[in-house]
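The structure under discussion appears below in the form of structure tokens.
It should be emphasised that the depicted structure is a prediction, and the values quoted were computed from it without experimental measurement.
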Amino acid sequence: MRQAGIYSGILSGGISGGPGPHSLPLARIKKIMKRSGEDVKMISGEAPIVFSKACELFIEELTVRAWMVTLQGKRRTLHKEDVMAAVSATDLFDFLVDLVSVSNGNGHANVVANSHDMVFER
């Protein structure tokens, strides 16, 4: 009989606290994982679940930091500029700094999408 893996708690909602379907599509996560390199051929069923939870935690953390920027601006609506400011102000998100650029002088943040990335320009 096969024993439960160390991530089996995630499968039953143990870590996220909620049973049922995952909030992020596992098929899409697996597709991104496979696209990450030619060497990536096989991916276990549990790996996308762990990535899904990691993505949820990342989104929550970035949202909390962006929300703090929103509140400092005495607003109640989070804008993309708040996310950009949170990325720029947090060392933890240094890997995203290249995605956040200050380029055109019109004062508006524009979202430019290509086939792989979402890039914020200001």
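Residue Pro48 comes nearest to Ile43 through the heavy atom pair CD-CG2, 3.9 Å, listed as atom of the first residue, atom of the second, then distance. Summarising the geometry of Lys41 relative to Lys34, their closest heavy-atom pair is O-CE, 4.0 Å, with the distance given to 0.1 Å.
One hydrophobic cluster, built from ILVMFWY side chains closer than 4.5 Å, holds both Ile59 and Val100. Note on Phe51: it clusters hydrophobically with Leu24, by side-chain heavy-atom contacts below 4.5 Å among ILVMFWY residues. A single hydrophobic cluster is seen to contain both Ile49 and Ile29, as judged by linkage of ILVMFWY side chains at heavy-atom distances under 4.5 Å, directly or through other members.
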What pairs of donor and acceptor atoms, side-chain ones from residues 71-78 against any protein atom, are under 3.5 angstrom apart with sequence neighbours left out?
residue, atom, partner, partner atom, Å
Arg75, NH1, Thr77, O, 3.1
Arg75, NH1, Asp82, OD2, 3.1
Arg75, NH2, Asp82, OD1, 2.5
Arg75, NH2, Asp82, OD2, 3.4

Show me the donor-acceptor pairs within less than 3.5 Å that the side chains of residues 86-95 make with the rest of the protein, sequence neighbours left out.
residue, atom, partner, partner atom, Å
Ser88, OG, Met84, O, 3.1
Thr90, OG1, Ala86, O, 2.8

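Taking 4.5 Å as the limit, every side-chain heavy atom of Lys30 sits out of range of all side-chain heavy atoms of Leu26.
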